[in-house]
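Data first, discussion second: the structure below is written as structure tokens.
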Amino acid sequence: MYTFKKEERLCNKVLIEQLFHSGSSFLCYPFRVTWLPSAASQHFPAQVLFAVPKKRFKKAVDRNAIKRRAREAYRLHKQQHLYNQLTGTGKKIIISIGYIGKELAGYEQVEKKMVKLLVQLCGEVAK
RNA sequence: GACGCAAAACGUUCUAUCGCUAUCCCGAUUUGUCGGGAGGGAGGAAAGUCCGGGCAACGCAGAGCAUCCUGCUUCCUAACCGGAAGGCGCCGACAGCCGGCGACAGCCAGUGCCACAGAAAAUAUACCGCCCCAACUUGUUGGGGUAAGGGUGAAAACGUGAGGUAAGAGCUCACGGCGAUUACGGGCGACCGUAGUGGCGGUAAACCUCAGGAGUUGAAAAACCAAAUAGGUCCCGGAAGUGGAGUGGCUCGCUCCCGUAUAACGAUUUAUCGUAUCGCCGGGAUGGGUAGGUUGCUAAAGCCUGUCAGCAAUGGCAGGCGCAGAUUAAUGAUAGAAGUCGCUUAAGCGAUACAGAACCCGGCUUACAGAUUUGCUGCUGAU
RNA sequence: CGGGAUGUAGCGUAGCCCGGUAUCGCGCCAGCAUGGGGUGCUGGAGGUCGUAGGUUCAAAUCCUGCCAUCCCGA
């Protein structure tokens with residue numbers, strides 16, 4: 001299912017605060033992933049948010065482009081690499097994916113790294 | 001014809017697959033939503049946040065002062081540090097034309113400042129020079145007059161000529177320059193022309209004076225909603241752990257004593273006692289706050305066409321259109337084709353900008369590949 | 001979204017209000033002193049005053065537009 005609805009996004013302010021306060025994180029250049037097991041009742045096995053720092057990318061156009069590419073790559077690959085594993089173990093998590101690269105990455109690169117990132121995330125969650 | 005300048009208007013398109021967002025319709029539904037379909041979904045600057053408004057909350061007798069802003073005139077506008085037309089000045093080697101630019105009120109209100117150089121930088125404090133007087137050692141000294149000449153400077157006491165004088169000086173006269181003011185004429189007005197009068201360094205993006213204007217805070221404003229949690233106030237009802245000791249690092253717990261309504265402890269009230277009230281538990285009511293949701297939220301000082309008024313900005317009338325509304329934040333990703341421009345004989349290759357709504361408008365400023373139209377010229381060629 | 005401050009030599013700063021000469025410390029270079037180094041003493045170099053215009057005889061300073069950095073409110 002290549003969907004990406006509102007319920008799959010992380011919008012709750014309290015949850016975001018918890019995530020950044022007590023979540024565990026790892027690096028998969030050019031992304032920094034922070035995740036936390038969630039007890040909240042939600043339809044989908046994961047809620048995600050994307051972030052691009054304003055400090056590195058001054059122009060709103062560039063930030064939007066990066067977020068759109070990352071979101072698109074996540075949307076196309078989450079079912080295969082993340083949801084299947086999560087539903088298998090019955091876990092539910094919240095994720096934040098921050099972009100820490102300095103250059104404006106093309107879609108091919110973003111897609112490749114996103115797949116690697118999701119696989120690595122599954123490994124972390126399974127521990 | 002090229003370049004440049006100015007103004008106006010534009011600023012990619014189509015197809016396929018997979019998605020996002022709000023609206024409407026149909027169906028299902030456990031009333032939470034789910035499925036299908038339809039036609040919508042970034043800009044000329046959405047940007048910078050530099051001005052002006054709408055809208056909202058709060059405040060508000062009137063006047064003055066302070067602070068800040070604006071500054072030729074007349075119009076336009078909801079309003080404006082905006083726009084139009086005009087006046088004046090400057091620039092384009094140039095009289096005019098044409099184009100561009102102008103914080104363009106007032107140094108004849110007052111105060112301040114004008115480095116260095118120079119005699120002197122503003123009521124002329126006289127270096128050289130010129131002139132007069134005095135003294136004597138006859139070419140010097142002292143006293144006085146003088147801003148015409150020298151040199152300095154960004155700027156030198158309005159400029160040139162004549163009269164005048166011991167020598168000189170707007171001291172006087174003629175012509176000319178500047179700005180002030182009075183009268184007349186033209187213009188709605190800024191201002192222009194003519195004549196007269198008194199005058200003559202610059203600087204107000206120096207203090208300031210004059211005239212006009214400004215209440216404060218911003219959609220995270222503001223209004224509303226019903227659950228959960230903590231707690232405030234009020235009302236009703238209830239009655240027992242709320243006292244002491246031990247154990248224990250502390251809390252909880254456990255054990256013992258006391259008490260269970262005429263009780264005990266603490267606080268308030270009172271000179272004191274008594275009485276009364278509060279504390280504890282349960283229920284109810286009520287207002288405020290936090291996360292969340294809804295409204296605000298997109299129909300607008302709106303756009304297009306025609307016509308009328310006006311030099312124009314703009315306005316009136318008629319007809320038509322219905323044009324993004326997200327909220328950790330949609331408007332996308334991939335592939336292919338076309339268009340435009342550059343290089344190239346062609347094939348082909350490369351480029352396709354600046355940039356992303358956040359309550360909404362009117363401007364200004366800044367960024368911008370390419371490309372269109374109009375106007376102008378001091379350049380070039382031909383006639 | 002709204003508000004405020006600051007850009008000066010390699011680094012940190014003064015000067016800006018009230019216009020005319022850009023200061024100080026560390027660092028750098030050269031010399032002296034020492035057997036040599038450090039310390040010390042003496043001398044010197046090094047500046048588009050963030051950027052583009054304007055006002056002025058003259059601008060780091062006054063005015064305007066941009067750029068960058070930092071801070072504050074929520």
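Every chain is numbered from 1 and lettered A, B, ... according to where its sequence line falls, protein lines coming before strand lines. Heavy-atom basis, side chains included; hydrogens, waters and symmetry copies ignored.
Nucleotide B:G40 forms a pair with B:U21, judged by Watson-Crick or G-U wobble geometry with both contacts under 3.5 Å. B:A329: no Watson-Crick or G-U partner with both key distances under 3.5 Å is found in any strand. In this structure, B:A357 makes no Watson-Crick or G-U wobble pair, since no nucleotide meets both defining distances under 3.5 angstrom. The partner of C:U69 is C:A5, by the rule that a Watson-Crick or G-U pair needs both atom distances under 3.5 Å. Under the Watson-Crick or G-U wobble criterion, with both distances below 3.5 Å, B:A300 has no partner in any strand shown. Across all strands shown, B:G288 forms no Watson-Crick or G-U wobble pair with both distances under 3.5 Å. Checking B:U340 for Watson-Crick or G-U wobble geometry (two distances, each under 3.5 Å) identifies B:A351 as its partner. Nucleotide B:U67 is matched to B:A214 when pairs are restricted to Watson-Crick or G-U wobble geometry with both distances under 3.5 angstrom.
For B:C133 and B:G151, the C1' atoms lie 30 Å apart once the distance is rounded to whole Å. Between B:C236 and B:A219, the distance separating the two P atoms is 47 Å to the nearest Å. Here the separation of B:U295 from B:U328, taken at their P atoms, is 15 Å to the nearest Å. Nucleotides C:U55 and B:C101, compared at atom P, are 15 Å apart to the nearest Å. Taking atom P on both nucleotides, B:A301 is separated from B:A211 by 38 Å, rounded to a whole Å. B:G99 and B:A8 have their P atoms separated by 15 Å, given to the nearest Å. Straight-line distance between the P atoms of B:G201 and B:C158: roughly 7 Å, to the nearest whole Å. The same atom, P, is picked in C:U61 and in B:G159; the two are 37 Å apart, to the nearest Å.
Distance A:Tyr99 OH to B:U328 C1': 20 Å, rounded to the nearest Å. Here B:G19 presents its C1' atom at 14 Å from CD of A:Glu111, a figure rounded to the nearest Å. Between the C1' atom of B:C20 and the OH atom of A:Tyr74 lies a distance of 15 Å, rounded to the nearest Å. Counting to the nearest Å, the P atom of B:A330 and the CZ atom of A:Phe50 are 12 Å from each other. Rounding to whole angstrom units, CZ of residue A:Arg63 and P of B:A358 are separated by 13 Å. If you take CG of A:Asn64 and C1' of B:U328, they are 13 Å apart, rounded to a whole angstrom. As a whole-Å value, the separation of A:Lys59 NZ from C:C67 P is 11 Å. Atom CZ of A:Phe57 is separated from atom P of B:G356 by 14 Å (rounded to the nearest Å).
In this structure, CE in A:Met114 is found 4.5 Å from CD1 in A:Ile97, a value given to the nearest 0.5 Å. Atom CZ of A:Phe50 sits about 7.5 Å away from atom CZ of A:Arg71, to the nearest 0.5 Å. Interatomic distance, A:Tyr99 OH to A:Lys113 NZ, rounded to the nearest 0.5 Å: 10.5 Å. To the nearest 0.5 Å, atoms CZ (A:Phe31) and CG (A:Leu121) are separated by 13.0 Å. Between the CZ atom in A:Phe26 and the CG atom in A:Leu117 there is a gap of 5.0 Å [rounded to 0.5 Å].
Base orientation of B:G170: syn, since the glycosidic angle falls within 90° of 0. In this structure, C:G15 is classed as anti because its glycosidic torsion departs from zero by more than 90°. For B:U298, the O4'-C1' to base torsion is within 90° of 0; the nucleotide is therefore syn. Annotated as syn: B:G32, whose O4'-C1'-N torsion sits within 90° of 0. Nucleotide B:A42 is shown with a syn base, its glycosidic torsion being within 90° of 0.
Nearest-nucleotide assignment on RNA chain B puts the 5′-proximal partner with A:Glu72, out of A:Val61 and A:Glu72. The residue among A:Tyr107 and A:Asp62 whose nearest nucleotide of RNA chain B lies closer to the 5′ end is A:Tyr107.
A:Glu72 and A:Arg69 are not joined by a salt bridge, as no carboxylate oxygen comes within less than 4.0 angstrom of a charged side-chain nitrogen.
Of the side-chain N and O atoms in A:Arg68, none sit less than 4.0 angstrom from OP1 or OP2 of B:G19.
If you check distances only, the side chain of A:Arg71 never reaches the base of B:C20 with a donor-acceptor pair under 3.5 Å.
Between A:Thr34 and A:Ser25, the closest heavy-atom pair is OG1-CB, 3.7 Å.
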